[in-house]
Every structure is written in C-alpha cells, then in structure tokens.
Number of protein chains: 2
Amino acid sequence: MTGIPSPPAIKAWARLMRVSRQLLERAEDALKDSGLPPLAWYDVLHELAEAGEGGLRPFQLTERTLFAQYNISRLLARLEADGQVEKLPVADDGRGQTVRVTDKGRETRRRMWTVYGRSIAELVGSWLSNDELDALSALLGRLRDPPAPE
Amino acid sequence: MTGIPSPPAIKAWARLMRVSRQLLERAEDALKDSGLPPLAWYDVLHELAEAGEGGLRPFQLTERTLFAQYNISRLLARLEADGQVEKLPVADDGRGQTVRVTDKGRETRRRMWTVYGRSIAELVGSWLSNDELDALSALLGRLRDPPAPE
DNA sequence: TCTATATAGATGCATTTGCATCGATCGTCA
DNA sequence: TGACGATCGATGCAAATGCATCTATATAGA
C-alpha cells in the first residue's frame, strides 16, 4: 500500500539526492584542487586508522564503507601500491588478510582532513546551527539501514 | 575561521553521505531488478517530459541535472540510439540542438516511475511523517546551492 | 574423513566516468 | 567587416565501476 509516494516524500527524496550529490562534488573538488586523493581514500584510511594496530579485514571495510567488494579489493590494491596501507596474512584464516594503515597513510589522512574538514565546516556547518544539525542527523538516522526488500 | 567542523556538523555530514548513498543504491537495485534502465535515464526523461514539446538544449539539462557536460552528451547519445529521445537542429543557434522526448521515452519514464516511486515511498515515505519530511526538506534546502568557493 | 556448500578476495571484460581538448558557431568590439 | 574570446557539444584516452566468475580456504554434514 505504499506504492505511491506522497508529495512531501518526493520532495524530501529529491532534495536529499540533489544536495548530497552537490556537496559531495564540492568536497571532491576541494581535495582535487589541493592535489589530494579522492574521498574514497579518506574513507578507507579513516576506518583503518580507527581500527588501530590490529587493522581490518577487507570484508570489514566493505561493511563499514558501503563500497562494493570488488571496489574495496581494487582500492586496497591502489593504496598498497602507493604505500598507504600494508597487507598482512592472517593466522587463523588462510583465505584472508589484514590490512593496516602505514605511517604514510596516516599522514595522508591527516593532510586530507585539513581540506575535507574545512569543506564540511563550510558546506554544512556554516549554514545550520548545531541544534539544526542535530535535528538533521536525527531525521536522517531514521532513514538509515532500512530493512532490505527481502 | 570555519576551518574546523563542529562535531554536529561532522555527524550530519556523515549521515547525509551515508544515507543518500545507501538509499540511492536501493533505488537503483530496484530498477535493475525490474529490468529497467538506471536512474540517470529517469532524470533526463523527467526533465524532458516537463519541458514538453519545446524540448531542452543539452546545456539546460546539465544545469538541471547536475551531470557533467560530457556525461549528458554521452547519455543523450545512448538515449537517442535507443529511441528514447530525438535531437533536432535549433534554428537560431547553429552550434546547438534541441532534445525532445519521444513517445517511447515517455513510456519508459512511466514504467520507471512505478518502480522508482515505490522505492521512494518505501525508503523515505514510510519512515517519516509528512511533517517530518517537510522539516527534512527545509533543512536540506538551507544547504542547497551554497556559493561556489570563488 | 570425505563431500558439499559457503565465504574471502581477486580479476577479465564491458560500460561508464573523468579529464583534457577539439571543431564549430556565436557575440562583441574595433 | 574582421578578429577574438566565449559558448555549445563531441570525443580520444585513461581511470574507475559494475558484473560475473574464479581460485582458495573454511565450515558443516553424512
């Protein structure tokens, strides 16, 4: 019975898609303009930095970042080729590996954050109050992880 | 002075990016599962349908859809090859052309909407009340079209 | 233990995107 | 009118994405 979306739903959807695309593009542009790698690198380096010395398995990264499995596989290959991460065999699972961020990777993340963080502040932080930002987060949170259509 | 984003700004940004990506993926999957073309086709067909008989110039489509110019160029080539749109020379500008949706294109849009609309209803409409959806639209509207960084 | 099935991760191939640039026409200004 | 910069749209080439599938290891069940 939810076949036809209400006008407010359509409008919210349209704005959500449009605004997120636009802001994402701005953030990517800012990184490019500073000669820094794309946001996808940041996402992975960030997760790995949070994970600490233990590192993460690639499949854990696919869960956390929403990138497709083959995408993570290739992204990690690029990051490794560039010395940003290192892959270690994992003892109790011969199929897998553990990925750990290197010092260079940590430094890359730090440099990216100075630009990325500024983008966030400019694109979002300077237009809404903290209360409004919290309200936005709360509303978006209700749309998160909707149950997959069986 | 807006160099460092506040925690609420970071959280709102993260949710915005994550939720929009996730919902977009769901909507795309639903179309694929029904054997329908990707959302990009819908966006263009929708704009052209709204424009009516007069059609639109490609550069107008790039403005309205946020797709890059070369992207629109190739998307239109694919749509034309598939008979969804037709390109007409435009009288008063020898460089340009006018793009108009065909009957087939209108039919494609209609069929896509039955699936796409249901996705919107399920992914957004069923989780927030209309008032909440309006509040979300209003907040997102404040983030729209931020002035480009010079 | 042996077999069947599931999971981790990589990869070949086609499609799409991004980037730079091009050819063509338009508009402006001398 | 003629020259010049701007705009419209297309395109060659490289990189990234999507899709299907593959290899290898792990796990469950007879």
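Numbers restart at 1 for each chain; the letters A, B, ... are given by sequence-line order, proteins then strands.
Under the side chain to side chain donor-acceptor pair (under 3.5 Å) rule, B:Arg57 has a single partner from B:Asp93, B:Thr98, B:Thr62, which is B:Asp93. Residue B:Glu107 forms a side chain to side chain donor-acceptor pair (under 3.5 Å) with just one option from B:Arg109, B:Lys104, B:Arg110, and that option is B:Arg110.
Each of B:Pro58 and A:Arg95 lies near DNA chain D, and the nucleotide nearest B:Pro58 is the one positioned closer to the 5' end. Across the interface with DNA chain C, nearest-nucleotide mapping of A:Asp29 and A:Ile72 shows A:Ile72 to be the residue nearer the 5′ end.
Of the side-chain N and O atoms in A:Asn71, one or more sit less than 4.0 angstrom from OP1 or OP2 of D:dG18. Of the side-chain N and O atoms in B:Lys87, one or more sit less than 4.0 angstrom from OP1 or OP2 of D:dA10.
Within 4.0 Å of A:Arg57, counting heavy atoms only, lie sugar-phosphate atoms of the nucleic acid but no base atom. When heavy atoms are screened at a 4.0 angstrom cut-off, A:Gln97 is found touching the sugar-phosphate backbone but no base atom.
Atom pair B:Arg74:CZ and D:dA14:P shows a separation of 14 Å (rounding to whole Å applied). In this structure, A:Leu79 atom CG and C:dA10 atom P are separated by 12 Å, rounded to whole Å. When the C1' atom of D:dG18 is taken as reference, atom NZ of B:Lys32 falls 7 Å away, rounded to whole Å. Rounded to an integer number of Å, the gap from OH of B:Tyr70 to P of C:dC22 is 18 Å. For the pair A:Glu28 CD and D:dA16 C1', the interatomic distance rounds to 12 Å; values are reported in whole Å. Per the geometry, CZ belonging to A:Arg78 stands 13 Å off P belonging to C:dT11, to the nearest Å. Nucleotide C:dG18 holds its C1' atom 15 Å from the CG atom of B:Leu75, rounded to whole Å. Between A:Arg21 atom CZ and C:dT17 atom P there is a gap of 11 Å when expressed in whole angstrom units.
Ring geometry, A:Tyr42 versus A:His46: the interplanar angle falls under 30°, so the pair is classed parallel (tilted spans 30 to 60°).
Set against D:dG18, D:dA26, C:dC19, the side chain of A:Asp93 has D:dA26 as its closest nucleotide.
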Show your reasoning for whether side-chain hydrogen bond (donor to acceptor under 3.5 Å, both in side chains) applies to B:Glu86 and B:Thr102. CA-CA 7 Å; B:Glu86 55 189 352; B:Thr102 63; over 6 Å; no
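In the hydrophobic cluster analysis, where Ile, Leu, Val, Met, Phe, Trp and Tyr join through side-chain heavy atoms closer than 4.5 angstrom, A:Leu16 is grouped together with A:Leu24.
The base of C:dA8 has none of its N or O atoms less than 3.5 Å from a complementary donor or acceptor on the side chain of A:Gln69.
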